[in-house]
Amino acid sequence: MSVETNEKKRHHVVVIGSGFGGLFGTQALKRADVDITLIARTTHHLFQPLLYQVATGILSVGEIAPATRVILRKQKNAEVLMGDVEKIDLANKTVTSRLLERETVTHFDSLIVAAGAQQSYFGNDHFAEFAPGMKTIDDALELRGRILGAFEQAELSSDPAERERLMTFVVVGAGPTGVELAGQISELATRTLDGAFRNIDARDAKVVLLDAAPAVLPPMGKKLGEKAAKRLRKLGVDIQLNAMVTGVDNDGITVKDKDGTERRIESQCKVWSAGVQASPLGKQLADQSDGTEVDRAGRVVVEPDLTVKGHPSVFVVGDMMSVPDVPGMAQGAIQGARYAAKAIKAGLDGQEPSQRKPFSYFDKGSMATVSRFSAVCKVGKLEFGGFVAWVAWLGLHLFYQVGYRNRLTTVISWFVTFLGRGRAQMASTEQQVFARLAIEQLNTLEKENRIDDAALPTRTIESNTAAGQRDEHAEADSEGRRKQVDSTEKRAASGASPARTERAG
């Protein structure tokens, strides 16, 4: 493993994350007298609000995930490093990131932490094996493969009960992502796939939307929630509220109703969109700062200027910050990042941290699309839905997409899908469906191996012969691990369970 140190001479700003907070924070410092290093675990900036359209075959990956390095290529004071940030050292002002076996230590003068959030299973992480989330490109591609694979398996089945299970799609979580997914899965079945099969009718597919809450789209209020629910029911979506998920396996999902009774929904394809958990980096920051806490979702309870207590040069924005009345949406991340950039520039001009004005969030409203020609929108006290809200939703999302080419191709894709029946992105592969489980098991093996290696005594001086013998042993161990990985991949391909022989699709 090689360790590299990255130091700058000018005031150095390190930005963690390439989402809305990371990208907009970096761009806001374009003309500042600083050097910027953006560290991200992916090579792209993900437009997450449109991720569900990748999962349902409307948009391609490239249309919503342009390369971060290309976006920032004309910003000469910014560099992009790929790596998974493993450690933030506030005392020494360093960020340690890892890409494969290469470890990089980057020093900072100011830090913007915008590492985002991941799917939360509320303490039941084992649910993820059978119900993927909707936070990454890999999630979207896996779900697309699972949806289309379920129809393909149903086409081959002659058992009515099995067909019903294969053609039942369960979406857990009735927030914006869940509502949008349920609507598009329904339209995929009734419009795009209608007439495409010979042994099944795709219109017979059943979409179930579950939530433990008593309403659809709770943050948007009762009126808009009911409007969205009405439209979903018209599409044939089965909405089940006050229903808490207590178990998930390959063949279905177990639900506990409000009265305490449990029941079973047989379904092969499940998707989880019920909650989020902030990056574990938030806990690291809190542990290094006296008086800083994290909330139940792992978000950092920041100071009024979005900094960590006792560290006025460390800002936390986006899904990682806990600020009253600031939702975990793109606008919160964008405004927080721009505020942090402005504070950094003011500090370069001599402003003391005590002179900063508190962060003030401007609520531009919230939207959710339900189906083609139908959405709901809330701007202040104004609430409306239907076609006008849908057009407003399209316009807003086009505005925040990066690049004119992406906007143009997105408009064309929307035109084809919403005015016609076609969807251009209907390809899926086995790797998209099964790779996540295989990689997770590979990572588990690697971690176990690291622990074993750490337990061994370390010698600082070795002879060439001893080093050569160690390399031979390492190669033998590596070969053994590869054999283990092969076996785990085979189990993943059969459903991540030794007892299971049918693929999940």
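Heads up: numbering here begins at 1 and tracks the sequence. Below, each value reflects all heavy atoms present in this structure, side chains not excepted, and no hydrogens, waters or symmetry copies.
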Please output the side-chain donor-acceptor pairs of residues 282-290 that fall under 3.5 Å, not counting sequence neighbours, one pair per line with the distance.
| unit_1 | atom_1 | unit_2 | atom_2 | d |
| --- | --- | --- | --- | --- |
| Lys283 | NZ | Asp287 | OD1 | 3.0 |
| Lys283 | NZ | Asp287 | OD2 | 3.1 |
| Gln284 | OE1 | Ile88 | N | 3.0 |
| Gln284 | NE2 | Glu86 | O | 2.8 |
| Gln288 | OE1 | Leu90 | N | 2.9 |
| Gln288 | NE2 | Ile88 | O | 2.5 |
| Gln288 | NE2 | Gln284 | O | 3.3 |
| Ser289 | OG | Thr292 | OG1 | 2.8 |
| Ser289 | OG | Lys309 | O | 2.5 |

Indicate every side-chain donor-acceptor pair of residues 210-219 with a distance under 3.5 Å to a residue at least two apart or in another chain.
| unit_1 | atom_1 | unit_2 | atom_2 | d |
| --- | --- | --- | --- | --- |
| Asp211 | OD1 | Ala213 | N | 2.7 |
| Asp211 | OD2 | Ala174 | N | 2.6 |

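- Interatomic distance, NZ of Lys270 versus CZ of Arg146, reported as 7.5 Å (0.5 Å rounding).
- In this structure, Lys135 and Ala117 approach most closely via the heavy-atom pair CD-O, 4.2 Å.
- Contact between Gly57 and Met426 at its shortest, heavy atoms only, is CA-SD, 4.4 Å.
- Taking the side chain as every heavy atom from C-beta outward, Tyr400 and Ile334 approach each other to under 4.5 Å.
- We find the CG-OG distance between Leu111 and Ser313 to be 7.5 Å, quoted to the nearest 0.5 Å.
- No donor-acceptor pair under 3.5 Å is formed between the side chain of Glu142 and the backbone N or O of Pro132.
- Residues Thr136 and Asp138 bring no donor and acceptor atom of their side chains to less than 3.5 Å of each other.
- Residues passing the salt bridge (Lys or Arg N to Asp or Glu O under 4.0 Å) test with Asp363: none are found, sequence neighbours excluded.
- Side-chain atoms of Thr429 and Phe434, non-hydrogen and from C-beta on, never get closer than 4.5 Å to each other.
- Contact detail for Leu50 and His397: the closest heavy-atom pair is CD2-CD2, 4.0 Å.
- In plain terms, the two heavy atoms of Tyr121 and Ala131 that are nearest each other are OH-O, 2.6 Å.
- Considering only residues two or more places apart in sequence or on other chains, Arg231 meets the salt bridge (Lys or Arg N to Asp or Glu O under 4.0 Å) condition with none of them.
- Each of Val70, Ile71, Leu38 was evaluated against His45; a single residue qualifies, Ile71, per the side chain to side chain contact (heavy atoms under 4.5 Å, CB included) test.
- Remark: Lys87 NZ to Glu103 CD distance equals 9.0 Å, nearest 0.5 Å.
- In this structure, Glu180 and Ser273 have side chains that are not in contact, with every pair of non-hydrogen atoms separated by 4.5 Å or more.
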- Query: Hey, mind stepping through Thr369 and Tyr52 against side-chain contact (heavy atoms from CB on, under 4.5 Å) and telling me if it holds?
  - Reply: CA-CA 11 Å; Thr369 181; Tyr52 78 97; 2.8 Å; yes
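- For Arg69 (side chain) and Val80 (main-chain N/O), a donor-acceptor pair under 3.5 Å exists by modelled atom type.
- For the pair Gln335 (side chain) and Phe362 (backbone), a donor-acceptor distance under 3.5 Å is present.
- When atom types are taken as modelled, the side chain of Arg98 and the backbone of Asp84 share no donor-acceptor pair closer than 3.5 angstrom.
- Trp272 and Phe122 have tilted rings, their planes meeting at an angle from 30° to 60° on a 0 to 90° scale.
- For the pair Thr409 (side chain) and Arg405 (backbone), a donor-acceptor distance under 3.5 Å is present.
- Phe384 places a side-chain heavy atom less than 4.5 Å from the side chain of Cys377.
- Side chain of Arg372 to main chain of Phe418: a donor-acceptor pair is present (N/O by atom type, distance under 3.5 Å, no hydrogens or angles).
- With sequence neighbours excluded, the residues that form a side-chain contact (heavy atoms from CB on, under 4.5 Å) with Thr246 are Thr254, Lys256, Glu262.
- Between Val172 and Ile253 the shortest side-chain heavy-atom distance falls below 4.5 Å.
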- Quick one: do Glu63 and Ile412 satisfy side-chain contact (heavy atoms from CB on, under 4.5 Å)? Show the steps, please. CA-CA 11 Å; Glu63 287 167 335; Ile412 294 173; over 6 Å; no
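- A distance-only check finds no donor-acceptor pair linking the side chain of Arg423 to the backbone of Thr417 [under 3.5 Å].
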- Message: Run the side-chain contact (heavy atoms from CB on, under 4.5 Å) test on Glu303 and Arg356 for me, step by step, so that the C-alpha distance in whole Å, both residues' side-chain angles and the decisive distance to 0.1 Å come before the verdict.
- Response: CA-CA 11 Å; Glu303 297 295 284; Arg356 294 173 185 164; over 6 Å; no
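- Checked against salt bridge (Lys or Arg N to Asp or Glu O under 4.0 Å), Glu293 has no partners two or more places apart in sequence or in another chain.
- A 4.5 Å side-chain heavy-atom check between Phe169 and Ile147 finds at least one atom pair inside the cut-off.
- In this structure, the side-chain contact (heavy atoms from CB on, under 4.5 Å) partners of Glu226, at least two apart in sequence or on a different chain, are Lys222.
- Between the CD1 atom of Ile58 and the OG1 atom of Thr192 there is a distance of 8.0 Å, given to the nearest 0.5 Å.
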- Go through the steps for His12 and Thr37 under the test side-chain contact (heavy atoms from CB on, under 4.5 Å), then give the verdict. CA-CA 8 Å; His12 190 204; Thr37 299; 2.7 Å; yes
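- Every residue two or more places apart in sequence or in another chain was checked for a salt bridge (Lys or Arg N to Asp or Glu O under 4.0 Å) with Arg144, and none qualifies.
- The neighbour count for Glu440 CD, taken as heavy atoms of other residues, nucleotides or ligands under 6.0 Å away, is above 12.
- In this structure, Leu181 and Leu143 have side chains that are in contact, with non-hydrogen atoms separated by less than 4.5 Å.
- No donor-acceptor distance shorter than 3.5 angstrom exists from the side chain of Gln118 to the backbone of Ser279, with no hydrogens or angles considered.
- Qualifying side-chain contact (heavy atoms from CB on, under 4.5 Å) partners for Thr94, counting only residues two or more places apart in sequence or in other chains: Asp89, Asn92, Val105, His107.
- Between the CD1 atom in Ile112 and the CE atom in Met320 there is a gap of 13.0 Å [rounded to 0.5 Å].
- Of all heavy-atom pairs between Ser60 and Val54, the closest is O-CG2, 3.9 Å.
- Listed by first then second residue, pairs satisfying ring pair (Phe, Tyr, Trp, His ring centres under 6.0 Å) with a partner in residues 315-347 read Tyr339-Phe359, not counting sequence neighbours.
- With sequence neighbours left out, the side-chain contact (heavy atoms from CB on, under 4.5 Å) criterion links Ala297 to Asp295, Arg299.
- Atom NZ of Lys342 sits about 13.5 Å away from atom CD1 of Ile344, to the nearest 0.5 Å.
- A salt bridge does not link Asp109 to Lys93: none of the charged nitrogens lies less than 4.0 Å from a carboxylate oxygen.
- Using a 4.5 Å heavy-atom cutoff, the side chains of Phe20 and Pro49 are in contact.
- By the 6.0 Å contact criterion, CE on Met244 is open, its count of non-hydrogen atoms from other residues, nucleotides or ligands being 12 or less.
- The minimum heavy-atom distance between Ala368 and Met220, with the atom names listed, is CB-SD, 4.3 Å.
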Donor-acceptor pairs under 3.5 Å, side chain of residues 21-32 to any protein atom, not counting sequence neighbours: which ones?
| unit_1 | atom_1 | unit_2 | atom_2 | d |
| --- | --- | --- | --- | --- |
| Thr26 | OG1 | Gly22 | O | 2.8 |

